[in-house]
Amino acid sequence: MNRLVVMAAAAMLVAGGAGALAKPSRPDASPRQRPEAFEALVRCRSVADERQRLACYDGAAAALEQAADRHDLVVVDRKQVRETKRTLFGLELPSLSIFGGGNDEGDEVKEVEGVVQSAFQDGNGRWVVTLADGATWAQIDNQVVAVRPKAGQKVKIHRGAIGSYIMNVNGQPGVKARRQL
């Protein structure tokens with residue numbers, strides 16, 4: 001649970017503080033502007049003299065490493081982006097271009113599967129289910145859950161209509177649910 005909060009906070013800090021990604025200033029610009037430290041490294045390829053090119057690479061690589069050490073630059077691969085999107089599934093966060101900015105529809109998380117860690121009924125008789133990964137989902141409708149959710153049971157949560165989510169516990173009919181922190 002704390003890991004999720006830290007990841008979300010880190011993502012917001014990176015998006016707001018690093019300024020590494022920006023919207024294009026003209027229609028023909030690339031969708032994302034790359035950080036200067038990365039561009040400096042790429043420019044080294046165009047240096048003709050081998051000794052100067054090596055010196056350029058060494059300097060640019062050192063600058064890139066320092067930027068990463070200061071957390072001015074964060075490097076993630078597609079697998080890390082997918083996992084972060086999956087972890088944040090259901091949370092209402094601003095659209096962050098560091099997670100693809102909508103240009104990677106194939107990476108969009110439409111459902112997650114998990115295992116019940118714990119479950120209880122709130123004062124209104126609605127179920128609150130915590131998954132093994134720490135995500136907590138609360139039932140928001142009044143549908144009856146026929147068989148009480150128990151630790152170890154499988155859960156599938158998918159997007160419903162108009163921003164809603166449907167939670168199926170142990171293969172039972174779905175109930176509407178909302179992600180909680």
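Excluded from the calculations below are hydrogen atoms, water molecules and symmetry mates; all remaining heavy atoms, backbone and side chain alike, are included. The first residue in the sequence is number 1, and the count goes up from there.
With hydrogens and angles disregarded, a donor-acceptor distance shorter than 3.5 Å links the side chain of Gln139 to the backbone of Trp127. Judged purely by atom type and a 3.5 angstrom limit, Arg159 has no side-chain atom pairing as donor or acceptor with the backbone of Lys110. With hydrogens and angles ignored, the 3.5 Å screen pairs no side-chain donor or acceptor of Gln172 with any backbone N or O of Val145. With Glu83 contributing its side chain and Gln80 its backbone, the two residues share no donor-acceptor pair below 3.5 Å.
Nearest heavy-atom pair across Arg45 and Tyr57 is CG-OH, 2.7 Å. Nearest heavy atom pair, residue Val155 against residue Met167, reads CG1-CG, 3.8 Å. Arg126 and Asp141 make their closest contact through NE-O, 3.3 Å (heavy atoms, listed as atom of the first residue, atom of the second, distance). The two residues Asn168 and Gly174 have their closest heavy-atom pair at ND2-N, 3.1 Å. Counting all heavy atoms, side chain and backbone alike, Leu41 lies closest to Ala60 at CA-CB, 3.6 Å. Annotation for Pro149 and Val169: closest pair CB-CG1, 3.8 Å, computed over non-hydrogen atoms.
The distance from the CD atom of Gln143 to the CD1 atom of Ile166 is 9.5 Å, given to the nearest 0.5 Å. One finds the CG atom of Asp122 at 5.0 Å from the CG atom of Asn124 (value rounded to the nearest 0.5 Å). Distance NZ/Lys176 to OH/Tyr165: 13.5 Å, rounded to 0.5 Å.
Residue pairs satisfying the disulfide bond (SG atoms under 2.5 Å apart) criterion with at least one member in residues 46-75, sequence neighbours excluded, are listed as follows: Cys44-Cys56.
Shown here is Arg148, whose CZ atom has no more than 12 heavy atoms of other residues, nucleotides or ligands within 6.0 Å. For CZ of Arg70, the number of neighbouring non-hydrogen atoms (other residues, nucleotides, ligands) closer than 6.0 Å is greater than 12.
Through direct or indirect side-chain contacts shorter than 4.5 Å among Ile, Leu, Val, Met, Phe, Trp and Tyr, Val128 is connected to Phe120.
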**OP:** Could you check Glu111 against Ile157 for side-chain contact (heavy atoms from CB on, under 4.5 Å), going step by step and ending with a plain yes or no?
**Re:** CA-CA 5 Å; Glu111 73 176 31; Ile157 302 165; over 6 Å; no
**OP:** Show your working on side-chain contact (heavy atoms from CB on, under 4.5 Å) between Val75 and Leu64 and close with a plain yes or no.
**Re:** CA-CA 10 Å; Val75 179; Leu64 197 61; 5.9 Å; no
